Amino acid sequence: MQKPVQKIAAIHDLSGVGRVSLSSVIPIFSTMGIEVCALPTAVLSSHTQYPGVRHVSLDDQMKGFIEHWKELNIEFDAIYSGYLGNAGQIDIVSGFIDDFKTDNQLVVVDPVMGDNGNLYATFTSDLVREMRRLIKKANMITPNLTEAAFLLDKTYHKDIGLEEVKKWAIQLSEQGPEIVIITSVSEENAHKTAAIAYHKLTERFWKVSIEYLPASYPGTGDAFTSVVTAALLQGDSLPIALDRAVNFINIGVRATFGHDYDTKEGIMLERVLNTLNAPVQTSSYQLLD
Ligand code: PXL
């Protein structure tokens, strides 16, 4: 019998201010009918784009929590890692994936490292080196264009063009993941931004693009990967999951953009979460040549 509620292990930080990581992951999965078991990697006063942030990495605590979960024999339908407290935690996450691996499980690694060509404030090149190891264990990875460039040791150019992005996605899939989704891809028409998904087994590329608004909100990557992952767990196809995630971010950005609001606070998730329960009404995905 199919399970009434699926369970996902979410390995991310908890940031008190700004809607990133667990503050965004938990409400999205809950709204989409999936139970979240949170394994916090770090606790922060706010995300790292605020000045003066207080940051506590939870390396030893994570090890103890994982031991406890092993004693409890918990099984997960999916494992999803995001922002890590430091490069040393990659070994912990990698061990977690080995310990909790089951058949037909979705393992998602969002290699959260940076944006707009730069690493986030708390990270150095050690994390990039270690992240290159972690992505090999995933079924699906969801780097933005900056993170894809760091993973492949390429130079980041905002306007690298679709053909190059497709090559990057293939190269990343050769490291292990069956699905590679690259976000924050600028379109030739400068007013659009796209997410590109590559499915290695079928060798197909899917694209969903939206009109670009001149604002950048932290945490949209976490919300995006959460929606794609939850949609796949709900049984959606890859292009529909991609479509739902891109359109959710678009709705969230539009709900927030018109207000006089500090963009660092992220998108107003609370105003748009319920749209995740609506049936898919428009599909704007494209199959690329
Ligand atoms: O969503 C990315 C993210 C997650 N966690 C923390 C961050 C950021 C981006 O700035 O600072 C702590």
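Counting starts at 1 for both ligands and their atoms, in listed order. Note that these values count all heavy atoms, side chains included, but never hydrogens, waters or copies made by symmetry. Note that the structure is predicted; figures quoted are calculated from it, not measured.
- K158 NZ: 12 or fewer foreign heavy atoms inside a 6.0 Å radius.
- Under the side chain to side chain donor-acceptor pair (under 3.5 Å) criterion, E270 pairs with R19, sequence neighbours left out.
- Under the 30°/60° scheme for interplanar angles, the aromatic rings of F96 and F76 are found to be tilted.
- Protein residues having at least one heavy atom under 4.0 Å from any atom of ligand 1 are D13, S15, V20, S21, L44, H47, T48, Q49, Y83, V112, Y120, G219, D222, listed by chain and number.
- For T122 and Y83, the side-chain atoms include at least one donor-acceptor pair closer than 3.5 Å.
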For residues 25-35, please give each side-chain donor-acceptor pair under 3.5 Å, one per line with the distance, not counting sequence neighbours.
from : atom 1 : to  : atom 2 : distance (Å)
S30  : OG     : I26 : O      : 2.9
T31  : OG1    : P27 : O      : 2.6
E35  : OE1    : K7  : NZ     : 3.1

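- Membership of the apolar cluster around M268 extends to Y261, as traced through chained side-chain contacts below 4.5 Å between ILVMFWY residues.
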